[in-house]
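Quick note on labels: first sequence line is chain A, next is B, and so on, each numbered from 1. Treat the numbers as computed from the prediction; the structure is a model and nothing was measured.
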There are 2 protein chains.
Amino acid sequence: MELVSDNNTGYVPLYRQIKRLITESLVSGEWAPGSPIPSEMELAQRYSVSQGTVRKAVSELASQKILVRHQGKGTFVASHSQESTKFPFLRITPDSGVVEEVDARLLDFWRIKLDDHSAGFLNVAEGSSGWLIRRILAPEGEESIYEEIRLPGSSFETIEESMIHDHQCMLYSMYESIFNVRIVYVEERVKAIIGEGEIVDRLGLLDGAPLLKVERVAYTYDDRPVELRRSYCNTTKHSYRNKII
Amino acid sequence: MELVSDNNTGYVPLYRQIKRLITESLVSGEWAPGSPIPSEMELAQRYSVSQGTVRKAVSELASQKILVRHQGKGTFVASHSQESTKFPFLRITPDSGVVEEVDARLLDFWRIKLDDHSAGFLNVAEGSSGWLIRRILAPEGEESIYEEIRLPGSSFETIEESMIHDHQCMLYSMYESIFNVRIVYVEERVKAIIGEGEIVDRLGLLDGAPLLKVERVAYTYDDRPVELRRSYCNTTKHSYRNKII
DNA sequence: GAGTGGTCTAGACCACTCA
DNA sequence: GAGTGGTCTAGACCACTCA
């Protein structure tokens, strides 16, 4: 769940214990994405600590974007369904301006057996059942990203093509609302490759065109990987942007 | 300096004002990188506020990695000279393992006039004087990055080749100690391109090899840009890594 | 005006470092 | 054991939201 007690003494501050209890309620689904959690005063009573200690726990969860605070209104479970967080992890942006709209065009959707490599990233057994989604993304209407998404069958047993259609480029919102799988953070590895075959065809490019390959593993609470995504991006008019602190 | 008062009322919390005062002392050089700032109690007295308010200001600066706290020892101005932060912004890592060592080989070092594009990024006048550093980086001894670094003359008037040699791949540490320019964060734009000419030659590749182009602008306190860097990376054995929350 | 999160204080005590 | 940052409390008051 959390690296809480690496020291020898086993000392764990109260607010870390509270943070853990709150996270457990999130994992269990007691508080669903988008809905408010109890007020700081109520939580203080519930856990028999001061408001300040609850605040510290909530602050850490807010800084991880797991909770969202709104002064005067309350504290909410973060959700990918909200307008403000429309493309929270999308780092590909047009060189001029920002992303307003992304169109998604589904190519196909299969049940697959997860190969060694993919199963490793998803932390499931090789050959276990999963899903493959292939699609084209078009930021600002420009079809510039070819994408393959692999999902473990265990977490997404009942997924159907209609669900993908209904949510288009809001897949993470669909994971949340239908499968109670909230994506909390992602890790990406980026390479430059030479495009060939179907991928360049789909993007309207010629064999040999350079592509940005982005391999993403998406994690839910507890650092559990639940999605593997490979994107191939035409970066002639787009860039992968990153701010590092 | 800081987006502190965007609201209509002009209300600025005390701890934000303290944060600003601390930042001013950092900009002025009152507290240099690597050295300790006064204790929380001393700062509380100095600014006539409670320890808690100082803590809140310091906490924000610590989360921005501008200050570093060490329990029992004190609070220090973050520095690129410390071992723990050896490659704070380097996102290129070998596919197997982590970066232990990066060799830097200087190609050349010139005084230049900054072109339109570069001057724009550095927020100085077109044609104003600057410096160009060209070099090859070799993570784990593998020469896989060609790099061009442009510096504004205004901040680095007295830079010399020997300084670059002495600091090798610790340039940001050199900026700090010699020019009192501490890099606080960087912004990068990444593209996939086809390599050609001198760049591929330098990396021991053939014309047409795919390269990851990373364009970086580095900022000091006050969001002031002070370095423009273009890197071209051979990503056959390396990846650009990124965690997004 | 009631309820929420946000700020600020004063004070107690704890964990850690270093001489 | 003195000094540092780290945690926790109880209480006051502020800014903001919403009915």
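We find that Glu147(A) and Arg229(A) are joined by a salt bridge, their nearest charged nitrogen and carboxylate oxygen being less than 4.0 Å apart. Electrostatic pairing of Glu148(B) and Arg150(B) counts as a salt bridge here, judged by a charged N lying under 4.0 Å from a carboxylate O. Using a 4.0 Å cut-off between a side-chain N of Lys or Arg and a carboxylate O of Asp or Glu, Lys56(A) and Glu40(A) do not qualify as a salt bridge. The existence of a salt bridge linking Glu161(A) and Arg135(A) is excluded, since no basic side-chain nitrogen approaches an acidic carboxylate oxygen closer than 4.0 Å. The pair Glu188(A)-Arg241(B) does not meet the salt-bridge criterion, since no charged nitrogen lies less than 4.0 angstrom from a carboxylate oxygen.
The cationic group of Lys191(A) does not satisfy the cation-pi geometry with Tyr240(B), failing either the under 6.0 Å distance to the six-membered ring centre or the 45° limit from the ring axis.
At the heavy-atom level, Val58(A) lies nowhere under 4.0 Å from the strands shown.
In this structure, a donor-acceptor pair under 3.5 Å is present between the side chains of Ser59(B) and Arg69(B). Using modelled atom types, one finds a donor on one side chain and an acceptor on the other under 3.5 Å when comparing Arg91(A) with Asn242(A).
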Could you list, one pair per line, each protein nitrogen or oxygen that sits under 3.5 Å from a nitrogen or oxygen of nucleotides 3-7 of chain C, together with the distance?
unit_1: dG3(C); atom_1: N2; unit_2: Gly72(A); atom_2: O; d: 3.0
unit_1: dT4(C); atom_1: O2; unit_2: Gly72(A); atom_2: N; d: 3.2
unit_1: dG5(C); atom_1: OP1; unit_2: Thr75(A); atom_2: OG1; d: 3.3
unit_1: dG5(C); atom_1: OP2; unit_2: Glu40(A); atom_2: N; d: 2.9
unit_1: dG5(C); atom_1: N2; unit_2: Gln71(A); atom_2: NE2; d: 3.1
unit_1: dG6(C); atom_1: OP2; unit_2: Arg55(A); atom_2: NH1; d: 3.1
unit_1: dG6(C); atom_1: OP2; unit_2: Arg55(A); atom_2: NH2; d: 3.0
unit_1: dG6(C); atom_1: OP2; unit_2: Arg69(A); atom_2: NE; d: 3.1
unit_1: dT7(C); atom_1: OP1; unit_2: Tyr15(B); atom_2: OH; d: 2.8
unit_1: dT7(C); atom_1: OP2; unit_2: Lys56(B); atom_2: NZ; d: 2.5

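Annotated stems with DNA chain C as a participant read C:1-18 with D:1-18, given as range with range, by first number; only runs of 3 or more Watson-Crick or G-U pairs under 3.5 Å qualify.
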